Amino acid sequence: MSTVYDVTRWTIPGRPGVNANNDIGAVINSIIADVKASQPGQVSKPGAVIYIPPGDYSLKTRVVIDISYLQIKGSGHGFASLSIRYNTADTSGWHELSPGASHIKVENTDGNAEAFLVTRSGAPRLAAIEFRDFCIDGVSFTPNQNSYRNGKIGIRIASDNDALKVAGMGFVYLERALVNNGADAFNVTDNFIAECGSCVELTGASQASKITNNLIGAGFVGFSIFAENTEGLLVQGNNIFPRGRSMVHLKTSNRCSITGNRFQGFYPGMIDFEGVNKENLIVGNHFRRVPEGFPPLQGYNNGKDDLYGVIHLLGDNNMFSGNLISFDVPASAVTPAGATPTMVLVAGGDANFISNNHVVTNIATNHVVLDAGTTNTKILDSGTAEQVVAYSASYALRPTP
Amino acid sequence: MSTVYDVTRWTIPGRPGVNANNDIGAVINSIIADVKASQPGQVSKPGAVIYIPPGDYSLKTRVVIDISYLQIKGSGHGFASLSIRYNTADTSGWHELSPGASHIKVENTDGNAEAFLVTRSGAPRLAAIEFRDFCIDGVSFTPNQNSYRNGKIGIRIASDNDALKVAGMGFVYLERALVNNGADAFNVTDNFIAECGSCVELTGASQASKITNNLIGAGFVGFSIFAENTEGLLVQGNNIFPRGRSMVHLKTSNRCSITGNRFQGFYPGMIDFEGVNKENLIVGNHFRRVPEGFPPLQGYNNGKDDLYGVIHLLGDNNMFSGNLISFDVPASAVTPAGATPTMVLVAGGDANFISNNHVVTNIATNHVVLDAGTTNTKILDSGTAEQVVAYSASYALRPTP
Amino acid sequence: MSTVYDVTRWTIPGRPGVNANNDIGAVINSIIADVKASQPGQVSKPGAVIYIPPGDYSLKTRVVIDISYLQIKGSGHGFASLSIRYNTADTSGWHELSPGASHIKVENTDGNAEAFLVTRSGAPRLAAIEFRDFCIDGVSFTPNQNSYRNGKIGIRIASDNDALKVAGMGFVYLERALVNNGADAFNVTDNFIAECGSCVELTGASQASKITNNLIGAGFVGFSIFAENTEGLLVQGNNIFPRGRSMVHLKTSNRCSITGNRFQGFYPGMIDFEGVNKENLIVGNHFRRVPEGFPPLQGYNNGKDDLYGVIHLLGDNNMFSGNLISFDVPASAVTPAGATPTMVLVAGGDANFISNNHVVTNIATNHVVLDAGTTNTKILDSGTAEQVVAYSASYALRPTP
């Protein structure tokens, strides 16, 4: 019995009219049923690989994965910008209109939001499932093509899991691209995730995961990367471009690393801490903050003003060091009108450590602002005394000479 | 003559009862013999790809690779925790018990320790061999399942080599997962290597290699990463979790980089320098030091006490900068009893440079300790004067304000 | 109609004598024509995957790719050093002479320089083409094997493009390995690119791209990485070894990141800025500068002297922080004779920020030199006052204590 499946060669027993092109979800579910039936029992359940050749596939039925070690694999991330297409008046002369490669169009007719749902009860946790090298495309947004809304989720992992991997994938025009609830040692690497409402979300609680070496860019209402109750997440070596309500959003998360990334954003709160976040490390990143440049989206933003901070820290003992912030926003676009924009805001917490940062701005800004109630903040070599504003008396400052 | 082999479709000439399921090692050796017989000669020896579909394969015979350009490839790293399984009283209701995907069980009956041995005499060095996307599983430890001992080695590369690659692999329950003796431009990336005695070892002498973008965690007696006599190793962007006697252990190694990693460890010596190590760079890492949390392993440690240093430096001109150390160990668990734990110990050497680090601790600790005989150490912005203890007079200190 | 092609199974209509072994270029062009003929139209053009099994393939005809989503994929990067081979007197006893795996020998007879040309006019831009896991080999240099010259280009992307990917590839003995003119979100990752004149060149203008997790080393006349008019390039986590006229060469490029890389170089100008480059971030890198060690190439260099700077900065608001420079060049080899070598030269520009670097040298050097005309440079913790030389009065210095 082969463990290598090809969606284009699979026939669903009893459903002769259904195939990979008209419902790849039903096909994959049928393959998974076959894998389960073929595995001899508890001692040998190695899973299978399901291959998706290049092609256009409609997904009408949600895939439910409840076995470990399944690899679903295509031949290319297939991303293409739908935003440019939908904001082009006349595409009649275009060579092609859609994303491609191993290209799944999420067009559920089963009432479910997800293209792929990964979930299982009982023990052990699902392990080592891999999504590789294919494209999940939400097709369109509603009520308009710039809303980032359609209720569609590319992959949702709903039960506790270990050592899952999402690599080489493309995600486009999904309200939520990739959601993992209860991740341990989750590996998100080498993906292209853009023009989605939110890109990567670690919900529930998670640990020891990494989001590395990706190209990522979310919508104005969502998150490029969101993580709540996470311990030891590594966000490393990503190129994260607009938009994203926030680009890395930590909620009550501790001891995460955000290092060696390049960020370009259109709104305040590029890094945003919600709740109390402790001992996170933000080192060696480049932050570019400019206004929205794409005319169709210039009417949108994330609702935060320039006093919120390009970087918004909340919690204790976070370290922000060795970063370059480049802020280039016309004075006329600053909100509230006439305000002096804040680069790094410490909104609350004890013993945050801000050192050795270089800040470049086109207008006068406050490099670091300490809100009332912050305590024991260290600010070293991150601006002149005039560029630091403290509403607390509990801090140490060494201005850049 | 095809260069694409599938282990499940190969028949060993003259050995009709042997197949991939009962001895994948014998099968791969037979395939390698066929590749060698098929290659026309010195001017054309492109190698082959040997594919391992998802499945459970026992390896009874060591594979010996003595040709360049061979790629051995599966469909998934297949890691699952055996430690959790073996420390669970009743697994009768578990969905599955073993790791999976392209899953090789190392069960040598040939008297050899290795599942895979890579070696060749003569010139040139073996080049561009690749191990990709399969699982090497040592199955069990002895004398008990928490010993990390079984004498098994996943891959041992024994002769000088160039441009080898290990990517997307899973390793579990091996005493030594991956050993390379004489590496040049070795690429270890995107692997899942955990619950092994030691994970990655560069022995002999090596240069210009990299261990990047992996998830790694070794046992209490072994090394997550070990490198001796290495020049210019890059350890970058890894999430390295417990345990590991040390997590990066450099022995007489120079000009290596340890950057952008996240470390969590249970013992002192998370970074450990043995012998004289020079000009190594340790920047932008997060170090979390906590006590062992898993009850079955709380009786074990690496034998070092808290005066050894979470970071133990020995040698000249090493740089430790931009790191966050988070130490949370109950006073009652500190050894020797009553000691003030050391965060960074400079045990010897000249002109080490420790700057711009943030240290968070639950109890009073010494952030930097300089042993007698150290000279010309620079300590900048890494603690207060009280948090620096020098048994040498040859140093410069700028306390954190 | 299958979208999965194998070059060894393809017959070109009307050209019975041509096959993948004697002209893989003609075969791939024929496959591309078939892909185009097979795609139903504007709404469905998912592309295809073209597989190159391990083998030796001569490319006589340039491949022209003018469709999106094409993936060309092999089974291994196949790099082997041709430099060592050609500089070995007697290789008659060698096991093998050539690179291997999925191995394309670039032997154009069509008068073109490129093995692969990617170009298309009209809209939209080409998207999501992937080159994966094969070897492009220029075979030999002229007029001698150490010239790095043969006019051959591995891959040239000539028209604007989005989300292209080059991963897991090997490139060897090409004058120019990989050239992309007009890149957006270009992903160059996990490749082995060595012994080429130039390795990766981003020409024209580009944005939001990344060159991450590679092993790279160029020739003495070329560039390991070259980028002009680029915005937000991320060069991260690479091990970049000799040679390279420069190792990262930025020309009028802004807001790029060079972080977490290991560099070893034989000449001044390891990082080289040409024209005005602004707001670039260089953090957490290791720079090793030694003399050429390979006897056949000791007569060559990049023509720059030791006053040029190991790091040569030109432009405004660049940040150089948290790096380690290790310089070990005999006084007798310094040029001009008797000069004091410069480690970091700020050749021009405003508000460059140089902080928290450690410099190790075997002879006396100037750690930072400011040319006349530079303004507002900050030099913090990067050398003693004596190790900083300013031909400008507009700077702030805080010497290392």
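Model, not experiment: these values are computed from the prediction.
- Interatomic distance, Asn280(B) CG to Ser326(C) OG, rounded to the nearest 0.5 Å: 10.0 Å.
- In plain terms, the two heavy atoms of Phe79(C) and Tyr69(B) that are nearest each other are O-CE2, 3.9 Å.
- For a residue to count as touching a neighbouring chain, one of its non-hydrogen atoms must lie under 4.5 Å from one of that chain's; by this rule Asn254(B) does not touch chain C.
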Verdict with supporting geometry, Asp190(C) and Asn187(B), side chain to side chain donor-acceptor pair (under 3.5 Å): CA-CA 9 Å; Asp190(C) 199 22; Asn187(B) 184 8; 3.1 Å; yes

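- Only the backbone of Ser121(B) comes within less than 4.5 Å of a heavy atom of chain C; no side-chain atom from C-beta onward does.
- Between Val283(B) and Gly322(C), the closest heavy-atom pair is CG2-O, 3.7 Å.
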Worked check of side chain to side chain contact (heavy atoms under 4.5 Å, CB included) between Arg255(B) and Gln264(C): CA-CA 10 Å; Arg255(B) 290 166 288 279; Gln264(C) 183 191 4; over 6 Å; no

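- Across all non-hydrogen atoms, the minimal contact from His358(C) to Ala351(B) is NE2-O, 3.4 Å.
- At a 4.5 Å heavy-atom cutoff, Ser2(B) makes no contact with chain C through either its backbone or its side chain.
- Between atom CG of residue Asn356(C) and atom OG of residue Ser321(B) there is a gap of 3.5 Å, rounded to the nearest 0.5 Å.
- Taking OG of Ser257(B) as the reference point, atom CG of Asn261(C) lies at 9.0 Å (rounded to 0.5 Å).
- The two residues Trp94(C) and Gln42(B) make their nearest non-hydrogen contact at O-NE2, 3.1 Å.
- By number of non-hydrogen pairs under 4.5 angstrom with chain C, the leading residue of Gly237(B), Ala128(B), Ala167(B), Ala48(B) is Ala128(B).
- Of the listed residues (Ala80(C), Pro53(C), Ser102(C), Pro99(C)), the greatest number of heavy-atom pairs within a distance under 4.5 Å of chain B belongs to Pro99(C).
- Of the possible donor and acceptor atoms, one in the side chain of Glu130(B) sits under 3.5 Å from a partner among the backbone N and O of His77(C).
- Heavy atoms of Ile240(C) lying under 4.5 Å from chain B are absent altogether.
- A donor-acceptor distance shorter than 3.5 angstrom exists from the side chain of Asn239(C) to the backbone of Gly232(B), with no hydrogens or angles considered.
- Residues Asp133(C) and Arg132(B) are paired through a salt bridge, judged by an N-O separation under 4.0 Å between the basic side chain and the carboxylate.
- Only the backbone of Asn214(C) comes within contact range of chain B, with heavy atoms under 4.5 Å apart.
- Of the residues considered (Ser68(B), Gly260(B), Gly284(B)), Ser68(B) shows the highest number of contacts with chain C, using heavy-atom pairs under 4.5 Å.
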Verdict with supporting geometry, Phe353(B) and Thr400(C), side chain to side chain contact (heavy atoms under 4.5 Å, CB included): CA-CA 10 Å; Phe353(B) 189 89; Thr400(C) 307; 4.0 Å; yes

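- Side-chain polar atoms of Thr189(B) and Asn213(C) form a donor-acceptor pair below 3.5 angstrom.
- Between chain C and the options Leu380(B), Leu233(B), Asp162(B), heavy-atom pairs under 4.5 Å are most frequent for Leu380(B).
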Residue pair Tyr51(C), Val4(B): steps toward the side chain to side chain contact (heavy atoms under 4.5 Å, CB included) verdict: CA-CA 11 Å; Tyr51(C) 177 57; Val4(B) 180; 3.7 Å; yes

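- With chain B as partner, the option from His95(C), His103(C), His286(C) having the largest number of non-hydrogen pairs under 4.5 angstrom is His95(C).
- With a 4.5 angstrom heavy-atom cutoff, Val49(B) touches chain C via backbone and side-chain atoms both.
- Using a 4.5 Å cut-off between heavy atoms, Thr259(B) touches chain C through its side chain atoms alone.
- Scanning both residues, Ala396(B) and Pro401(C), for their nearest heavy atoms gives CB-O, 3.6 Å.
- Of all heavy-atom pairs spanning Ala208(B) and Phe241(C), the tightest one is CB-CD2, 4.0 Å.
- Interface residue Lys45(B): backbone and side-chain heavy atoms are both found under 4.5 Å from chain C.
- Between the side chain of Lys210(B) and the backbone N or O of Asn238(C), no donor-acceptor pair lies under 3.5 Å.
- When the candidates Pro124(B), Ser355(B), Gly122(B) are compared by the number of heavy-atom contacts under 4.5 Å with chain C, Pro124(B) comes out ahead.
- Without hydrogens or angle criteria, Glu96(C) side chain to Val43(B) main chain gives no donor-acceptor distance under 3.5 Å.
- A distance of 7.5 Å separates CG in Asn323(C) from CG in Leu281(B), rounded to the nearest 0.5 Å.
- The choice from Gly41(B), Gly47(B), Ser44(B) that makes the most heavy-atom pairs within less than 4.5 Å of chain C is Ser44(B).
- In this structure, the portion of Arg398(B) lying under 4.5 Å from any heavy atom of chain C is its side chain and not its backbone.
- For Leu234(B), the parts sitting under 4.5 Å from any heavy atom of chain C are the backbone and the side chain alike.
- Your options are Asp66(B), Leu126(B), Thr212(B), Asp381(B), and the one with the most heavy-atom pairs under 4.5 Å with chain C is Thr212(B).
- For chain C, the nearby part of Gln236(B) is the side chain; its heavy atoms alone come within less than 4.5 Å.
- For Lys278(B), no part lies under 4.5 angstrom from a heavy atom of chain C.
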